[in-house]
Amino acid sequence: MLLCVIEVGDQVRIGQSGVSIFVVNEIDTVEGRAVIESVEESAPGRYPFTMPLTALSKVEPGD
């Protein structure tokens, strides 16, 4: 299994089959969590929240 490094500014999905795309605002390497927020400005209830890094899949260009 190839491990992708997620960094601040990357776009991610929750899980491999997630539909919504989020941007990573902060990373807490000690806790293994990232603060993410929807890239869609008009998303209902758009706000930053934390997720475990292990739950995130990096969105590669062209995905």
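Numbers here simply count residues along the sequence, with the first being 1.
- Contacts of Glu26 classified as side chain to side chain contact (heavy atoms under 4.5 Å, CB included), with partners at least two apart in sequence or in another chain: Val35.
- The two residues Asp28 and Val30 come nearest to each other via the heavy atoms OD1-N, 3.0 Å.
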Donor-acceptor pairs are to be reported for all side-chain atoms of residues 41-48 against protein atoms at under 3.5 Å, with residues two or more places apart or in another chain.
unit_1 : atom_1 : unit_2 : atom_2 : d
Arg46  : NE     : Ser38  : O      : 2.9
Arg46  : NH2    : Ser38  : O      : 3.2

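- A distance of 12.0 Å separates CD1 in Ile6 from CD in Gln11, rounded to the nearest 0.5 Å.
- Residue Ile36 forms a side-chain contact (heavy atoms from CB on, under 4.5 Å) with just one option from Val23, Val12, Ile21, Asp10, and that option is Val12.
- By the side chain to side chain donor-acceptor pair (under 3.5 Å) test, Thr50 pairs with Arg33, sequence neighbours left out.
- Within the 4.5 Å cutoff, the side chain of Glu7 has no heavy atoms near those of the Val24 side chain.
- For the pair Arg13 and Leu56, the minimum side-chain heavy-atom distance is 4.5 Å or more.
- Taking the side chain as every heavy atom from C-beta outward, Phe22 and Val39 never approach each other to under 4.5 Å.
- Scanning for side chain to side chain donor-acceptor pair (under 3.5 Å) contacts around Asn25 gives Glu37, with sequence neighbours left out.
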